[in-house]
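Each remark here refers to the structure printed beneath this line.
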Amino acid sequence: MQLQHLRYFTALARERHFASAAAACGVSQPTLSAGLVALEQELGKRLVDRDRRFIGLTEQGVAILPWAEQVLGAVRGLSQAAEALSVAPQGEFRLAAIPAALALVGRLGDRLLQDNPGLTLSVHSDTAREIQRGLAANAFDAGVTYLDHEPAANVLSVALHEEQYLFVARKGAGFEVDAAVSWKRAAGSRLCLLHQGMQFRRILDRHFAEHGLSVIPTAIADSYVSLLSLVRSGGFTTIVPASYAQLMAGLEWCRFLPFAEPAPARRVGLVVVGRDPLGPMAGAALLAAQAVARDNAG
């Protein structure tokens, strides 16, 4: 079985388009299609539904996808381990972060690259569940996610931050005299929030429920940039991690208000797969995160 054929298959599952998958693999579309046919013939199973275009994976294709990802991940880890004894980590470091943690990746990434000048950093935004899946398949070298709420299994972690929540409204929207806002008043405003596939939203829904409240937002999105754009329009309010207020310090158009009844802080931190021996990329990430955590504590 050729590893390249597995790469074609996983790329097609990710891109869901033959031309895009071929471009991602750096080959022509006929080459990719021929490789997929060869893989199907070797396994004796049809893996891809197609009719001049990609329709989807068959049941057999869905079943083998995690195994294909694990094989490719193991090969990448093997290559890294072979180089680890002689050279410092080199190449692309793939870091996945939940949207709520994107404001934290700057210091972590800076420290990682300072300590490992042979690395380049590639940051991806994804859900906590997709980060856990990607780590298991070695699609990412490390993740930044929640450590307490729906924690990932079989990982090593370093806490970087304790998340608190801030209510955001445009200046002139009626919150000028408030020093804090209640969960009830927030629920009664014209909220725009992340969608429920995002862990931050599920945590917020739980906090509202603990106060006897149920929230149906007027608008939903998958990024804080979209939420803040809606707030800036003047008709919406939102809730963000406190780290975003630090990132946006000095903006004149919005107000960040704490909650009168603060929710319990949630730890956010770096996670890597807890393998033994630990891969060089994971080891470099843990050392960088530990250094950032020490700086935060100091």
Side-chain angles (χ1 to χ4, degrees), residues 96-110 123-128 130-131 144-146 148-150 160-269 296:
I98 56 174
L102 286 173
L104 306 176
V105 302
R107 293 185 63 194
L108 176 64
D110 184 57
V123 179
H124 305 265
S125 176
D126 221 327
T127 67
E130 286 301 312
I131 290 174
V144 183
T145 186
Y146 291 105
D148 303 315
H149 187 265
E150 301 176 10
L160 298 172
H161 178 71
E162 290 194 350
E163 183 181 81
Q164 290 286 356
Y165 313 104
L166 293 175
F167 179 80
V168 189
R170 182 181 172 89
K171 286 185 178 179
F175 293 89
E176 280 68 31
V177 299
D178 298 275
V181 66
S182 69
W183 288 93
K184 183 176 182 179
R185 190 175 180 201
S189 67
R190 197 166 178 233
L191 278 172
C192 57
L193 297 173
L194 295 180
H195 63 71
Q196 289 182 318
M198 301 288 191
Q199 197 170 1
F200 181 84
R201 170 64 188 284
R202 297 195 294 275
I203 292 173
L204 282 184
D205 285 347
R206 178 177 295 182
H207 290 324
F208 278 116
E210 288 171 353
H211 289 86
L213 302 167
S214 179
V215 172
I216 301 177
T218 306
I220 59 173
D222 63 359
S223 77
Y224 291 103
V225 172
S226 298
L227 297 181
L228 291 168
S229 177
L230 288 166
V231 173
R232 189 174 186 180
S233 74
F236 296 89
T237 60
T238 193
I239 299 169
V240 300
S243 55
Y244 274 78
Q246 299 168 8
L247 192 66
M248 300 174 66
L251 290 181
E252 296 295 329
W253 59 265
C254 60
R255 291 205 71 204
F256 291 88
L257 297 173
F259 281 91
E261 313 95 340
R266 299 280 183 178
R267 293 187 308 149
V268 178
N296 290 343

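Not measured: the values here are computed from a predicted model.
- Scored by the side-chain contact (heavy atoms from CB on, under 4.5 Å) test, A209 finds no partners at all (sequence neighbours excluded).
- Not a single salt bridge (Lys or Arg N to Asp or Glu O under 4.0 Å) links R232 to another residue, sequence neighbours left out.
- Residue pairs meeting the side chain to side chain donor-acceptor pair (under 3.5 Å) criterion with at least one partner in residues 99-109, sequence neighbours excluded, are R107-N296.
- In this structure, the side chain to side chain donor-acceptor pair (under 3.5 Å) partners of S189, at least two apart in sequence or on a different chain, are T237.
- E163 pairs by the salt bridge (Lys or Arg N to Asp or Glu O under 4.0 Å) definition with nothing, not counting sequence neighbours.
- Among pairs with a residue in residues 177-197, those fulfilling salt bridge (Lys or Arg N to Asp or Glu O under 4.0 Å) read D178-R185, at least two apart in sequence or across chains.
- Scored by the side-chain contact (heavy atoms from CB on, under 4.5 Å) test, T127 finds R129, E130, M198 as partners (sequence neighbours excluded).
- Considering only residues two or more places apart in sequence or on other chains, H195 meets the side chain to side chain donor-acceptor pair (under 3.5 Å) condition with none of them.
- By the side chain to side chain donor-acceptor pair (under 3.5 Å) test, S223 is found to be paired with S226, residues two or more places apart in sequence or in another chain being considered.
- Proximity of F259 to I239: side-chain heavy atoms (C-beta onward) are separated by under 4.5 Å at one or more points.
- Partners of P264 according to the side-chain contact (heavy atoms from CB on, under 4.5 Å) rule, which considers only residues two or more places apart in sequence or in another chain, are H207.
- Within the structure, salt bridge (Lys or Arg N to Asp or Glu O under 4.0 Å) pairs that include any residue of residues 246-269 comprise D148-R267, K171-E252 (at least two apart or interchain).
- Contacts classified as salt bridge (Lys or Arg N to Asp or Glu O under 4.0 Å) and involving residues 203-223 (residues at least two apart or in different chains) are given here: R201-D205.
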